[in-house]
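Shown next, in structure tokens, is the structure this report addresses.
In what follows, chains carry the letters A, B, and so on, assigned in the order in which the sequence lines appear, proteins first and then strands, with residues in each chain numbered from 1.
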Amino acid sequence: MTAESSKSARPERYNPREAEPRWQQAWDARGIFATQNDDPRPKYYVLEMFPYPSGRIHMGHVRNYTMGDVVARYKRAAGHAVLHPMGWDAFGMPAENAAMAQKVHPKEWTYSNIAAMKKQLQSMGLSLDWAREVATCDPAYYRHQQKMFLDFLGAGLVAREYRKVNWDPVDQTVLANEQVIDGRGWRSGALVEQRDLHQWVFKISDYAEELLEALDTLDRWPEKVRLMQKNWIGRSEGLLIRFALDPKTTPGSENELEIFTTRPDTLFGAKFMALSPDHPLATAAAKKNPELAAFIERCHHMGTSQEAIDTAEKMGFDTGIKAVHPFDSSWTLPVHVANFILMDYGTGAIFGCPAHDQRDLDFVNKYGLGNTPVVLPPGQDPASFVITDTAYDGEGTMINSRFLDGMKIEGAKEDVARRLEKESRGNRPVAQRQVNYRLRDWGISRQRYWGCPIPVIHCEKCGVVPVPAAELPVTLPDDINFDKPGNPLDRHPTWKHVKCPKCGGEARRETDTMDTFVDSSWYFIRFTDPWNAEAPTTPKIANAWMPVDQYIGGIEHAILHLLYSRFFTRAMKKTGHIDLDEPFAGLFTQGMVVHETYRKKNGEWAMPAEVTIVSEGDNRKATLTATGEPVEIGPIEKMSKSRRNTVDPDDIMDSYGADVARWFMLSDSPPDRDVIWSEEGVQGASRFVQRLWRLLGEIADVQAPVARPAQFFDQATAVRKAAHRALANVTDDINKLRFNRCVAHIYGCANTLSDVIGAAETSPSPDFAWALREAGDILVRLFNPMMPHLAEECWAALGHKTLVAGEAWPQLESDLLVETTITLPVQINGRKRAEVTVARDAGKDAVEAAVLTLDEVKKALDGKSPKKVIVVPQRIVNVVA
RNA sequence: GCGGACGUGGCGGAAUGGUAGACGCAAGGGACUUAAAAUCCCUUGGAGGAAACUCCGUCCGGGUUCGAGUCCCGGCGUCCGCACCA
């Protein structure tokens with residue numbers, strides 16, 4: 001069908017640069033993305049991880065926020081009250097680095113970045129409720145965080161400890177264990193050192209068991225993330241055993257040594273005891289033994305960096321102390337100090353069973369202490385089984401273990417535990433069962449300026465005194481300077497000097513600020529009622545909106561942010577701010593945006609924007625656009641400044657528009673995998689935008705009856721089937737976050753409609769015209785979540801006076817998806833050889849009868865009857881000849 | 001070392017145990033045009049054949065099944081997380 005008559009009314013091409021801001025203003029003017037807390041419809045809370053205001057958004061943001069926006073717009077159309085807010089993770093080091101490098105105040109730097117990035121996000125056409133915007137560096141936000149810190153303190157969830165911490169020498173601050181990656185600071189990349197410091201800690205380890213167990217309830221989380229958290233929490237069951245010490249050999253009054261083991265079954269394979277260099281017994285022994293003191297000193301020095309610890313050789317020092325075997329008072333074991341024993345796991349002491357633990361084996365092989373195997377692997381001869389270089393940690397049968405001989409490992413563990421629990425020394429059992437966790441308490445003190453002040457005061461007389469709630473917030477002083485490294489709050493002339501709230505005497509403010517991960521541990525709850533000036537939450541409202549139904553972000557937060565938030569929500573529950581354990585019901589971790597790399601002859605990297613790609617047959621060649629110099633096309637890698645393979649979202653939106661960027665982000669790869677950003681792909685997306693626009697223009701030109709025709713004939717029915725099948729498929733896949741498949745279905749529907757229109761008569765019959773208009777209406781609403789500006793433009797072209805952003809999701813007529821006849825593939829011996837068309841509800845016998853009349857089947861059977869005929873209704877037939 | 005994921009055309013990827021390669025990109029051919037762009041049409045896993053069609057094909061080797069990309073066992077490879085945690 002040609003529609004030349006009215007074609008002239010439209011420009012040749014859709015112009016996103018003109019249309020996109022126009023529709024953004026239209027949405028804004030009607031406030032259709034503002035969410036009311038008293039909305040009676042069923043709630044749906046969709047959230048993307050909020051950004052750090054670094055200054056500009058990157059392609060990862062574009063991908064993240066596009067996915068969230070698709071879900072938000074779809075759920076809104078599907079009849080939900082959708083909460084879809086945005087904010088800023090605004091405290092942190094880069095602001096201070098900028099202050100040092102550019103002499104700009106961190107606050108100014110941060111807020112101007114926020115303004116710039118907000119503009120960028122708005123140009124993406126995201127359906128966000130900006131009225132709920134929060135920035136964590138705003139006293140209106142962090143005052144509530146300070147209040148909760150005090151509440152946590154009162155509830156015993158906060159402690160102050162002098163402990164060994166990870167010190168980042170570049171950022172000059174402490175890092176939590178979770179923030180040390182490969183022995184380096186997660187932000188600075190500097191080798192981390194160990195230091196002893198006073199630290200405020202959140203007692204996350206009190207929740208270790210709960211955080212572990214509840215992982216099983218998070219059935220809409222990726223298995224991978226749950227597993228990572230499980231491993232991080234690191235639960236292990238074992239036995240605490242008190243070994244008596246030979247008094248003649250001990251340095252002072254110490255008469256026993258408590259160790260933790262998960263392998264009490266191997267007790268008869270014990271060859272030595274080992275202490276952490278920081279163990280009190282080691283310290284005591286060192287006082288009388290200068291050589292030992294020197295050894296411990298050496299351990300401390302070589303262990304300054306995490307990397308050094310990881311690569312250090314096993315080293316030990318015999319203290320001369322003897323421990324008595326709990327099952328044989330005549331059996332003593334030498335007590336060593338060893339560099340590989342950690343003071344903060346278990347009791348900081350172990351017994352070593354070299355035959356079945358590789359570290360212990362390495363240790364005895366170095367110091368000639370020997371080994372005795374006590375677990376015999378299945379099928380091994382006890383007389384000849386020996387351990388030399390490789391410890392055996394598998395299943396087996398106990399040997400060389402007196403009363404345990406012949407037992408399996410589990411039985412032996414249980415037997416040892418029972419016996420030692422019954423035995424007592426000094427009114428206490430010799431052993432008790434214990435569960436240990438790898439998870440450490442969360443140290444939150446940071447020696448930084450640009451963070452939330454910890455609201456406590458140190459008084460000589462009264463000790464640590466909380467800032468009275470009425471005096472909150474403790475705000476950051478603006479007059480600071482960054483001339484020297486370290487914490488400017490600590491050298492501020494007046495800010496830190498205050499009166500003690502208790503005694504009124506001279507006192508000192510805490511100058512450490514909170515880890516920025518505290519800020520991000522509850523922002524999603526603050527979004528539910530950011531207007532409450534009195535309290536962090538309005539529990540009734542928070543309880544109604546939470547949990548977040550769909551949280552979307554990068555896998556890099558699998559442990560840090562997601563574990564902290566799970567803890568924080570529980571702590572907020574304990575202190576009465578919300579009634580909820582798990583903050584995120586559904587979690588989706590998106591893949592990265594990756595791109596080819598380009599390298600010049602001189603070894604420097606070239607940016608994608610500087611390069612022109614030419615295809616010569618199957619080969620692709622790249623040259624610098626400016627000079628024509630050839631550049632080498634390198635491997636596809638994560639977009640990064642160091643490889644210079646980044647693409648600026650602004651450039652893409654300027655040249656192609658937001659919809660094209662959004663569409664391509666969704667189209668090429670499954671959302672949890674990396675997506676390769678390519679110029680060709682973007683152009684493909686852009687072509688499709690234009691194609692849709694032309695297609696819907698043609699449909700708009702069709703003169704269709706207003707009333708639904710009573711009857712649809714073949715052509716019209718085919719159109720209706722295509723539209724409703726796409727509707728069913730897109731709905732299903734959007735619910736499963738399979739956006740790449742949604743894209744394929746939309747292409748499919750558009751292709752069908754183009755074909756039908758191209759083949760149709762000049763003046764369509766009323767039923768066909770009506771079906772085309774219906775299909776157009778459906779198609780626009782299907783791609784609206786992905787390309788909302790184009791959808792509005794097309795919706796208007798179709799003659800609608802409403803905004804498609806406010807329209808309901810199309811109603812599916814599922815009858816259309818049910819075919820009356822279907823074509824089944826017919827296999828002979830498992831290979832497809834023919835097809836058969838039968839009634840949809842044909843019985844197995846009828847299908848079999850039809851199949852046996854086929855020429856191909858007759859030929860294959862050669863007059864014989866088939867061995868077997870398998871009929872899978874509505875799927876396939878297999879004839880076994 | 002421990003734990004996990006993945007392996008399908010030239011590329012990104014589709015495929016409740018049921019017609020492998022949907023959809024897109026790239027490529028080749030053609031139409032329109034003075035020409036280009038844009039657009040439209042056709043071809044595109046491999047081998048053979050004029051064609052109808054036939055054979056082979058989802059990392060490798062076995063197995064279960066009427067039927068395996070999918071499930072099981074054993075390899076190989078790639079990627080990710082954790083890592084002196086007793």
With sequence neighbours left out, what residues match A/Glu395 under side-chain contact (heavy atoms from CB on, under 4.5 Å)? A/Ile409

CZ of A/Phe664 versus P of B/A26: gap in Å, rounded? 10 Å

Pick out the pairs of N or O atoms, protein on one side and nucleotides 41-48 of chain B on the other, that lie under 3.5 Å.
none

What is the distance, to the nearest angstrom, from the CG atom on A/Asp672 to the P atom on B/A14? 9 Å

Does the protein touch nucleotides 16-25 of chain B at the base, only the backbone, or not at all? Give it as B, S and - per nucleotide, heavy atoms under 4.0 Å. B-BB--BSSS

Whether the A/Thr597 and A/Asn645 side chains hold a donor-acceptor pair (N or O, under 3.5 Å, no angle test) is what I'd like checked. no

Whole angstrom value for the distance that separates P of B/C85 from NZ of A/Lys230: 18 Å

Can you name the side-chain hydrogen bond (donor to acceptor under 3.5 Å, both in side chains) partners of A/Thr372, sequence neighbours left out? A/Lys271

Applying the Watson-Crick and G-U wobble criteria at under 3.5 Å, what pairs with B/A14? Answer none if nothing qualifies. none

Contact under 4.0 Å: A/Arg673 side-chain N or O vs B/A5 OP1/OP2: no

Please tabulate the protein-to-nucleotide N/O contacts below 3.5 Å involving nucleotides 56-58 of chain B, giving atom names and distances.
residue : atom : partner  : partner atom : Å
B/C56   : OP2  : A/Arg831 : NH2          : 3.4

Qualifying residues under side-chain hydrogen bond (donor to acceptor under 3.5 Å, both in side chains), relative to A/Glu209, sequence neighbours excluded: A/Arg235, A/Tyr437

side-chain hydrogen bond (donor to acceptor under 3.5 Å, both in side chains) with A/Asn15: which residues, sequence neighbours excluded? none

Does B/C84 have a Watson-Crick or wobble mate here (both distances under 3.5 Å), and if so which one? none

Verify the contact: side-chain N or O of A/Lys868 to OP1 or OP2 of B/C66, cut-off strictly under 4.0 Å; return yes or no. yes

From CG of A/Asp674 across to C1' of B/C6 the rounded distance in Å is 12 Å

Salt bridge (charged side-chain N to carboxylate O under 4.0 Å, His left out) with A/Lys868: which residues, sequence neighbours excluded? none

Which residues share a side-chain contact (heavy atoms from CB on, under 4.5 Å) with A/Asp278, sequence neighbours left out: A/Lys164, A/Ser276, A/His300, A/Met343

Could you check how far CZ of A/Arg833 sits from C1' of B/G67, rounded to whole Å? 13 Å

Applying salt bridge (charged side-chain N to carboxylate O under 4.0 Å, His left out), can you list everything that pairs with A/Asp360, at least two apart in sequence or on another chain? none

Result block: side-chain N/O donor-acceptor pairs under 3.5 angstrom for residues 742-751 of chain A, not counting sequence neighbours:
residue  : atom : partner  : partner atom : Å
A/His745 : NE2  : A/Asp733 : OD2          : 2.8
A/Asn751 : OD1  : A/Arg691 : NH1          : 3.2
A/Asn751 : OD1  : A/Arg691 : NH2          : 2.7
A/Asn751 : ND2  : A/Tyr747 : O            : 3.4

Sequence neighbours excluded, which residues qualify as side-chain hydrogen bond (donor to acceptor under 3.5 Å, both in side chains) partners of A/Arg63? none

May I have the distance from A/Ile559 (atom CD1) to B/G4 (atom P), rounded to whole angstrom? 16 Å

B/A5: pairing nucleotide in any strand, Watson-Crick or G-U under 3.5 angstrom: B/U78

Spacing between A/Ile633 atom CD1 and B/G10 atom P, to the nearest angstrom: 19 Å

